[in-house]
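Written out below as structure tokens is the structure these notes cover.
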There are 2 protein chains.
Amino acid sequence: MTSFPIQTDIRNHLLRTLCAADFDRLRAHLVRCSFEQGAVLESPGESVAAVHFPEPGMLSLVAHAVDGTSAEAGIIGPEGMTGLVLLNGVDASPHTILVQVPCRTLLIEAGPFRQALDASCTLREHLLRYAQVFSVQLAQGALCNAQFTIEQRLARWLLMCHDRADREDLPLTHELLSQLLGVRRAGVTTGLRVLELSGALKTRRGGISIRDRAVLRTIAGASYGVPEAEYARILGGS
Amino acid sequence: MTSFPIQTDIRNHLLRTLCAADFDRLRAHLVRCSFEQGAVLESPGESVAAVHFPEPGMLSLVAHAVDGTSAEAGIIGPEGMTGLVLLNGVDASPHTILVQVPCRTLLIEAGPFRQALDASCTLREHLLRYAQVFSVQLAQGALCNAQFTIEQRLARWLLMCHDRADREDLPLTHELLSQLLGVRRAGVTTGLRVLELSGALKTRRGGISIRDRAVLRTIAGASYGVPEAEYARILGGS
DNA sequence: TTTGTTCCGTACGCTAGCGGACTAAAGTGT
DNA sequence: ACACTTTAGTCCGCTAGCGTACGGAACAAA
């Protein structure tokens, strides 16, 4: 027999901060899932079958050009959800969503999700506020890609990942980071070496341990913080 | 005496494709406005007082970092609207929206806009579909800034601007373009020279005339097209 | 232990784009 | 007609980051 989750046990902030009535609306449809690194939750052009509310861990939204070049555009973790496209009344998007740091999620299928949205304005409004913050994150990512160095963008990315993964050691290869940032693999290696020399982190084969967020924030400079502040303003106190 | 606009006279695609009932809901609140280049429709942290539905012309959504560096993240024209932040139930965003190519808009104040949204699901769904396309545009912009050259990004930008402005001659200085793309002014100059030599456009002091979209598309390559296709798929036929 | 594989460090030559600056041309105001 | 401002073209030296590639280290399988 399946036991439905209890709201206060949930480690996804969006679900945690739903009012009790809205949470109960979703509760019977929520299914706990678990994903390894590399799992694909959404693919370009495919109908989104379900929405995920991640618990600690990290997902990437990856944008693709028609020639196959791609780069990460957004990051999703326990502060958010996947499937914003459904919230906007659309069935599919041209993006990929994939798991970077293994995580559990609470899944709800598209049908019941849509029904719940139709049934509750407050639920819809809650999730739309997150959609707004996420679009701020996308815009900020565009800015960073245009204006900041690899080092700064690495620092920003690691901070954002660390915020969501809730662990110090992140299982990330340089190759993976290079694809997400849209830079060379060797560029990531040298960038990470600088961060390591400054004491911000330790690198291992296949992994990075965050050691000093303050140093990372210094290096990230102005590239980090805007979406985070917006999240706190809009969804932090609820 | 003010005469309220007639739907079929309107040159904003979102308003044009509203169902008649939804349009009538907005109609009495719509006010025609006109803006020069440089006009600011939204500022960081300021409550959004009104939503604009542009007619031919072009607006930029500009993202800012905390240190003042900025770059354009999105483009809005007659296919869309400003004030998505209100649609998402939030009062203000950290972005600026400003006019790049002079245009008229149909304005509706925040209060009546919110009332109309509450009164009509179909209206809200229509506009949310645009919000989805716009977020695809933001993600694609992030990808382009990470992966494409100044020349390609210029070509993409000019195509997107031309799509919206409905005129061949665009009043744009190199300085302005450089701020939007987040590159050097001199970089724009040399980039535009290449585009001009390939016959894509003519430059004048303070302006650019689009001559050959096909050439521009060739140069833009894979950087152009994804949000446009998504718009056609989601909102084109309605 | 050996073999194969994945991942990381590094190096070399090269290019795009930067920062800064100077000049010329095109417009504007008086 | 004049001075002034804005915009555009160009150039120099420089750096970040690219493409490529090689060798070694860590790990996994046998």
Side-chain angles (χ1 to χ4, degrees), chain A residues 36-38 67-72 100-101 143-158 169-198 201-209 219-221 223, chain B residues 36-38 67-71 100-101 143-158 169-198 200-209 219-221 223:
Chain A
E36 293 307 308
Q37 184 167 53
D67 67 349
T69 59
S70 63
E72 186 187 65
Q100 300 301 349
V101 176
L143 167 60
C144 290
N145 290 348
Q147 307 247 310
F148 292 93
T149 64
I150 292 185
E151 258 170 63
Q152 293 173 304
R153 288 165 60 198
L154 266 176
R156 169 184 133 102
W157 194 93
L158 290 170
D169 63 310
L170 307 170
L172 303 161
T173 65
H174 298 188
E175 176 69 29
L176 179 58
L177 278 166
S178 78
Q179 288 166 6
L180 297 179
L181 298 187
V183 301
R184 271 189 326 155
R185 196 271 309 159
V188 172
T189 302
T190 52
L192 284 178
R193 262 187 57 71
V194 174
L195 299 193
E196 185 161 18
L197 286 174
S198 69
L201 50 82
K202 292 264 184 202
T203 61
R204 291 182 322 291
R205 180 187 165 85
I208 294 169
S209 294
I219 294 170
S223 69
Chain B
E36 294 307 309
Q37 185 168 52
D67 66 350
T69 59
S70 64
Q100 300 300 351
V101 176
L143 168 59
C144 291
N145 290 348
Q147 308 247 308
F148 293 93
T149 64
I150 292 183
E151 259 171 62
Q152 293 173 304
R153 288 165 60 198
L154 266 176
R156 168 183 134 103
W157 195 92
L158 290 169
D169 63 310
L170 306 170
L172 304 161
T173 65
H174 298 188
E175 176 69 28
L176 180 56
L177 279 167
S178 78
Q179 288 167 6
L180 296 179
L181 298 188
V183 300
R184 271 190 327 157
R185 198 268 312 160
V188 172
T189 302
T190 53
L192 285 177
R193 262 184 57 71
V194 174
L195 299 192
E196 185 160 19
L197 286 174
S198 69
L201 50 81
K202 293 264 185 200
T203 61
R204 292 183 321 289
R205 180 188 165 85
I208 294 169
S209 293
I219 295 171
S223 71

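Note on naming: letters A, B, ... go to the chains in the order of the sequence lines (proteins, then strands), and numbering restarts at 1 for each one. No hydrogens, no waters, no symmetry mates; every other heavy atom, side chains included, goes into these values.
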Next item on the list: With a 4.0 angstrom cut-off to heavy atoms of chain B, pull out the first and last contacting nucleotide of DNA chain D, in 5'-to-3' order.
Entry: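 Counting from the 5' end, contacts occupy dT6(D) to dT10(D).
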Just call it for [X]: base, sugar-phosphate, or nothing, with non-hydrogen atoms closer than 4.0 Å on any strand.
X	answer
I150(B)	sugar-phosphate
T149(B)	sugar-phosphate
G187(A)	nothing
T173(B)	sugar-phosphate

Next item on the list: Give a yes or no on whether a donor-acceptor pair under 3.5 Å exists between the nucleobase atoms of dG9(C), that is its base, and the side chain of R193(A).
Entry: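 When only heavy-atom distances are counted, R193(A) does not reach the base of dG9(C) through any donor-acceptor pair under 3.5 Å.
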Notebook entry, point to check: Within the side chain of Q147(A), is there an N or O that forms a donor-acceptor pair under 3.5 Å with the backbone of A71(B)?
Noted result: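 It does not hold such a pair.
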Margin query: Between E196(B) (side chain only) and K202(B) (backbone N and O only), is there a donor and an acceptor less than 3.5 Å apart?
Written below: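 No: the side chain of E196(B) does not pair with the backbone of K202(B).
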Nearest 0.5 Å, please: how far is [atom2] in [Y] from [atom1] in [X]?
X	Y	atom1	atom2	result
R185(B)	T190(B)	CZ	OG1	9.5 Å
L192(A)	I150(A)	CG	CD1	10.5 Å
D169(B)	T203(B)	CG	OG1	13.0 Å
T149(A)	L154(A)	OG1	CG	8.5 Å
L176(A)	L180(A)	CG	CG	4.5 Å

Item checked: Whole-Å gap separating C1' (dC7(C)) and CG (L172(A)) ->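 Distance, rounded to whole Å: 13 Å.
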Note to self: Tell me whether the side-chain N/O atoms of H174(A) come closer than 4.0 Å to OP1 or OP2 in dT6(C).
What the structure shows: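 False: H174(A) side-chain N/O out of range (4.0 Å or more) of dT6(C) OP1/OP2.
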Margin query: Please report the end-to-end axis angle for the helix from dT1(C)-dA30(D) to dT28(C)-dA3(D), five pairs per end, rounded to 10 degrees.
Written below: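 End-to-end axis angle: 30°.
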Check: If you take all heavy atoms of F148(B) and R153(B), which pair is closest and at what distance?
Finding: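 The answer is O-CD, 3.5 Å.
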Margin query: Using every non-hydrogen atom in the two residues, find where P171(B) and Q37(B) come nearest and quote the distance to one decimal.
Written below: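 Heavy-atom minimum between the residues: O-NE2, 2.8 Å.
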Note to self: Do L177(A) and I208(A) have side chains that approach each other closer than 4.5 Å (heavy atoms only, starting at C-beta)?
What the structure shows: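 L177(A) reaches I208(A) side chain to side chain.
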Checklist line | Residue whose nearest DNA chain C nucleotide is more 5′ - R204(A) or R184(A) | finding: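 Closest to the 5' end, via its nearest nucleotide, is R204(A).
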Next item on the list: Take I219(B) and V194(B), measure what side-chain contact (heavy atoms from CB on, under 4.5 Å) needs, and give me the verdict at the end.
Entry: CA-CA 10 Å; I219(B) 295 171; V194(B) 174; 5.6 Å; no
Notebook entry, point to check: What string of B, S and - do you get for nucleotides 21-30 of chain C 5' to 3' if you count protein non-hydrogen atoms under 4.0 Å?
Noted result: B---BBS---
